[in-house]
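Okay, so here's the structure we're looking at.
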Amino acid sequence: MATQKLTPKEQVQEAILYPIDWLEERSGLVGGIKYFLFRRVPGDINWFQTLGSATLTAFIVQALTGSILAMYYKPDPQNAYSSIQHITNDVFAGWLVRGMHRWGASVFIILMFMHMGRVFLFGAYKYPRELNWIIGVLLLTMGLAEGFTGYLLPWDQTAYWATVVGINLNGTAPFLGPFISQFLQGGTYIDDGTIARFYAIHMLMIPGAIIALIVLHLYLVIRLGVTSPPWSKEAAGTGSMLKPSRNGRRGLTRPGPRRKG
Ligand code: HEM
């Protein structure tokens with residue numbers, strides 16, 4: 001059978017498409033990514049709706065720079081401060097990675113608040129997105145806890161005394177206070193037990209929880225669709241992707257559970 005000769009352009013296309021098709025046939029991953037990226041969104045969304053993605057980008061930067069810092073940081077009272085000095089002064093581009101992580105932490109928190117403000121002002125927390133708001137609140141709490149546990153790690157005077165205040169404040173909470181402060185301190189004094197504990201919480205427990213929550217958060221964003229701005233016609237009920245459901249509330253376009261009879 002005679003094979004058709006491919007033009008150079010077609011050869012390049014083949015070379016690009018072959019590995020993609022190979023992966024798709026064996027995993028279905030490409031279809032999943034397409035489903036995630038190419039979705040229908042209301043025609044009148046605006047720049048404020050990019051704040052969630054900006055927050056996600058800030059988190060990814062924190063995870064990457066944090067992983068690099070973890071290669072050089074030593075989590076014990078004798079070496080923590082000097083390892084940070086080593087990163088800043090000796091390691092190639094260490095000052096940059098550390099600076100990005102330190103300032104990026106503030107950027108992450110500020111963006112999270114701005115995104116939350118956008119969701120609130122657009123009324124995007126209402127039915128059917130209440131659960132995603134609750135997940136958001138958990139993300140905010142985790143983000144703040146990440147900032148608190150990371151602050152101790154440089155082990156300088158500011159870090160130490162800020163942590164003393166933070167632990168004592170937690171100790172004043174009703175009922176659970178003493179247990180929380182005991183758990184955070186990891187011993188009688190703020191010393192090697194505390195720093196090891198804060199490090200484990202900062203770089204394993206909380207990031208793990210944040211990643212799991214972000215996956216859930218984005219799953220719900222995809223499932224429920226994006227809200228139109230409150231001033232748009234779509235939000236007012238015309239041309240919306242969200243149809244009124246049988247109980248009169250605006251819900252998903254999917255049919256609800258069947259009624260008997
Ligand atoms: C790590 C932190 C967070 C990340 C990475 C994140 C990411 C996102 C993304 C990418 C979207 C879709 C695009 C957009 O609407 O901007 C979104 C939507 C949403 N987020 Fe977040 N978010 C975070 C924190 C929060 C917080 C703190 C809240 C509220 C307490 C929240 C509540 C919501 C809600 C209700 C939606 C749906 C909005 C709509 O349908 O218009 N998120 N989030």
Side-chain angles (χ1 to χ4, degrees), residues 32-67 69 100-151 201-245 249-254:
I33 294 171
K34 271 191 192 157
Y35 174 73
F36 177 66
L37 291 178
F38 301 101
R39 286 170 287 119
R40 291 184 62 199
V41 291
D44 51 4
I45 51 172
N46 65 31
W47 281 99
F48 292 113
Q49 273 146 311
T50 58
L51 284 168
S53 309
T55 314
L56 181 61
T57 310
F59 175 72
I60 293 170
V61 170
Q62 288 309 96
L64 291 178
T65 51
S67 306
L69 290 176
M100 282 173 75
H101 196 73
R102 200 178 171 96
W103 290 99
S106 304
V107 171
F108 175 54
I109 301 287
I110 291 169
L111 282 173
M112 217 163 13
F113 272 108
M114 287 172 70
H115 167 58
M116 190 169 91
R118 191 292 285 175
V119 169
F120 180 74
L121 291 175
F122 279 29
Y125 55 87
K126 293 179 194 165
Y127 176 85
R129 297 186 178 79
E130 304 94 320
L131 184 59
N132 223 10
W133 175 267
I134 294 168
I135 293 172
V137 172
L138 291 177
L139 276 168
L140 185 66
T141 317
M142 293 287 150
L144 294 174
E146 191 69 340
F148 175 61
T149 48
Y151 206 79
I201 296 174
H202 183 76
M203 75 159 260
L204 286 173
M205 285 172 69
I206 299 181
I210 291 183
I211 290 169
L213 287 169
I214 287 180
V215 170
L216 264 179
H217 198 64
L218 295 185
Y219 165 73
L220 287 182
V221 169
I222 292 168
R223 185 180 155 83
L224 302 173
V226 174
T227 323
S228 293
W231 55 82
S232 80
K233 281 189 186 138
E234 292 192 17
T238 24
S240 173
M241 283 166 32
L242 296 174
K243 283 186 192 159
S245 61
R249 293 197 285 183
R250 275 147 57 75
L252 298 167
T253 44
R254 279 181 297 102

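Counting starts at 1 for both ligands and their atoms, following the listed order. These numbers come from a predicted model, not from an experiment.
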- Task: Would you sort out whether F59 and T55 count as a side chain to side chain contact (heavy atoms under 4.5 Å, CB included), showing the intermediate values?
- Result: CA-CA 6 Å; F59 175 72; T55 314; 6.0 Å; no

- Query: Ignoring hydrogens and geometry, is there a side-chain-to-backbone donor-acceptor pair from R118 to T50 under 3.5 Å?
  - Reply: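 No, R118 side chain to T50 backbone: no donor-acceptor pair under 3.5 Å.
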
Polar pairs, ligand 1 vs protein, N/O only, below 3.5 Å.
unit_1   : atom_1 : unit_2 : atom_2 : d
ligand 1 : 15 (O) : R118   : NH2    : 2.5
ligand 1 : 16 (O) : Q49    : O      : 3.0
ligand 1 : 16 (O) : G52    : N      : 3.1
ligand 1 : 20 (N) : H115   : NE2    : 2.8
ligand 1 : 20 (N) : H217   : NE2    : 2.8
ligand 1 : 22 (N) : H115   : NE2    : 3.0
ligand 1 : 22 (N) : H217   : NE2    : 2.9
ligand 1 : 40 (O) : R129   : NE     : 3.0
ligand 1 : 40 (O) : T227   : N      : 3.4
ligand 1 : 40 (O) : T227   : OG1    : 3.0
ligand 1 : 41 (O) : R118   : NH1    : 3.3
ligand 1 : 41 (O) : R118   : NH2    : 3.2
ligand 1 : 41 (O) : T227   : N      : 3.2
ligand 1 : 41 (O) : T227   : OG1    : 2.8
ligand 1 : 42 (N) : H115   : NE2    : 3.0
ligand 1 : 42 (N) : H217   : NE2    : 2.9
ligand 1 : 43 (N) : H115   : NE2    : 2.8
ligand 1 : 43 (N) : H217   : NE2    : 2.8

- Message: Between W231 and F122, does the ring-ring contact (aromatic ring centres under 6.0 Å, His included) criterion hold? Intermediate values first, please.
- Response: CA-CA 9 Å; W231 55 82; F122 279 29; 5.5 Å; yes

- Candidate list L216, I210, I134, test side chain to side chain contact (heavy atoms under 4.5 Å, CB included), partner L139, passing option: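 Of the listed options, the one satisfying the test is I210.
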
- Task: Answer yes or no: is there a side-chain heavy-atom contact under 4.5 Å between I222 and Y35?
- Result: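 Yes - at least one pair of side-chain heavy atoms lies under 4.5 Å apart.
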
- Task: Report yes if some heavy atom in the side chain of W133 is under 4.5 Å from a heavy atom in the side chain of R129; otherwise report no.
- Result: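 In short, these two side chains do not touch, never coming nearer than 4.5 Å.
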
